[in-house]
Amino acid sequence: WQYEGKLLLLLTSAHLLCSPFSWCCQLVECKLYRGGPPATIVTIDEESPNGTILVENMQINGRVQNPEQTISLTLLRNYDYWVILDPVLQRLYLNSTGRVLDRDPPNSITSIGVDVQCTNEKVGIVIVHEVRILVRDKNDNSPQFQQSSYYVAVNELSPIGTTIFTGFSGNNGAIDIDDGPNGQIEYAIQYNPNDPLSNRTVRVASALSGNIILAERLNYEERTRYFIIVQANDRAPYLPNQRTATTTLTLDVLDGDDLGPMFLPCVLVSNTRDCIPVFYRVVIPELTDFRGCLGSWLNGRISKASSYHLSNT
Ligand SMILES: *[C@@H]1O[C@H](CO)[C@@H](O)[C@H](O)[C@H]1NC(C)=O
Ligand SMILES: *[C@@H]1O[C@H](CO)[C@@H](O)[C@H](O)[C@H]1NC(C)=O
Ligand SMILES: *[C@@H]1O[C@H](CO)[C@@H](O)[C@H](O)[C@H]1NC(C)=O
């Protein structure tokens with residue numbers, strides 16, 4: 001018991017008292033002289049430049065240089081050579097020579113782990129110190145809309161408050177590959193100088209979903225088309241860091257007297273109001289015996305079976 005007590009006393013004061021060659025000193029070599037958790041954990045920003053200091057000093061007991069070398073340090077588990085060790089200064093640097101430390105897809109480097117192995121040159125004991133480098137997200141990506149533009153057709157009779165557009169749901173709206181708030185999207189309607197009324201005609205029902213509702217009654221007889229600018233911004237906590245993207249939502253007003261676009265005898269060309277006429281082929285047999293109303297209307301006009309195109313009107 002007495003012996004163990006003395007040993008403990010010697011060990012705790014060893015660094016202050018001993019000479020490099022004494023027995024006690026040889027046992028503290030390679031150990032950390034700092035307190036705290038055994039692993040060294042540091043954080044750096046993604047895209048940090050080459051040579052960024054990761055760990056100022058590993059705080060390992062010992063000397064790597066002659067004269068009086070007591071330890072040697074090597075880097076293990078240095079996958080992809082992201083880390084450079086300066087053994088004399090016990091310093092770790094980032095090696096991003098010719099590449100970017102990118103936290104976002106597709107690289108997705110969120111942390112780097114290496115080990116600093118220390119060999120006690122006097123007694124041959126090896127101690128491995130784990131270093132964990134956490135890569136902090138930088139808001140380096142802007143939201144991106146998945147489509148270059150969006151389209152919606154709305155019946156002019158739709159009441160105010162009707163949800164007219166949910167086209168940003170799923171992953172069809174804007175996507176930002178940054179992490180956390182830097183990658184979260186909010187939508188807002190922007191003023192369109194080329195269509196000054198567009199921003200008051202609709203509004204965003206909820207910034208997160210980007211669902212759009214009608215804010216004013218539409219009138220087909222006055223306006224048949226609006227160009228609405230929708231902005232997506234990420235939610236970077238510091239506003240000047242926020243990044244944005246915009247898209248145009250084309251809103252076509254449908255005439256409320258009609259049954260709706262599905263029943264018109266034409267097919268809407270996507271994203272336009274142009275119609276491809278639908279051709280109905282009518283085969284009319286000999287008209288002389290025909291007794292129906294179509295027959296009486298056609299009577300005297302046509303004498304022989306044929307085919308006709310029925311137009312919209
Ligand atoms: C990258 O940084 C390391 C560590 O500071 C340095 O040794 C190396 O020369 C740098 N590479 C370039 C290309 O600057
Ligand atoms: C730095 O990284 C580059 C690219 O992976 C590698 O070729 C080079 O050997 C590394 N440099 C050091 C000193 O590890
Ligand atoms: C539309 O944008 C203009 C210009 O920014 C603004 O003055 C107006 O208040 C906006 N209207 C609505 C309803 O937000």
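In what follows, every heavy atom counts, from backbone to side chain, and hydrogens, waters and symmetry copies are set aside. One-based numbering, in listed order, for ligands and for the atoms of each.
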Item to complete: Write out the residue and atom name of the closest protein heavy atom to atom 7 (O) of ligand 1, then the distance separating them to 0.1 Å.
Response: Ile84 CD1, 4.6 Å
Worksheet item: So, are Asp45 and Lys138 salt-bridged, with charged N and O less than 4.0 Å apart?
Response: no
Worksheet item: Which ligand 3 atoms are under 4.0 Å away from a heavy-atom of Arg200?
Response: 13 (C)
Worksheet item: Could any protein non-hydrogen atom be found less than 4.0 Å from atom 9 (O) of ligand 2?
Response: no
Discussion item. Below the 3.5 angstrom mark, is there an N/O of Asn50, backbone or side chain, next to an N/O of ligand 1?
Written reply: yes
Worksheet item: Which of the atoms of ligand 1 are close to Thr97, meaning less than 4.0 Å from one of its heavy atoms?
Response: 1 (C), 11 (N), 13 (C)
Practice prompt. For the pair Glu46 and Arg136, find out whether any cationic side-chain nitrogen is under 4.0 Å from an anionic carboxylate oxygen.
Written response: no
Discussion item. My question is simple, although I want it checked carefully: is atom 14 (O) of ligand 1 less than 4.0 angstrom from any protein heavy atom?
Written reply: yes
Worksheet item: Asn95: heavy atom below 4.0 Å from ligand 1, yes or no?
Response: no
Worksheet item: Under 3.5 Å, is there a donor-acceptor pair between the side chain of Asp179 and the main chain of Asp137?
Response: no
Worksheet item: Which word best sums up how the rings of Tyr187 and Phe145 line up, parallel for under 30°, tilted for 30 to 60°, or perpendicular for over 60°?
Response: tilted
Item to complete: Would you mind finding which of Asn199, Asn192, Leu197 brings a heavy atom closest to atom 12 (C) of ligand 3?
Response: Asn199
Practice prompt. Might you work through the side-chain contact (heavy atoms from CB on, under 4.5 Å) test for Leu75 and Val83, ending with a clear yes or no?
Written response: CA-CA 8 Å; Leu75 207 51; Val83 179; 3.8 Å; yes
Discussion item. If you apply the rule side-chain contact (heavy atoms from CB on, under 4.5 Å), what do you find for Val126 with Asn120, and how did you get there?
Written reply: CA-CA 6 Å; Val126 169; Asn120 183 327; over 6 Å; no
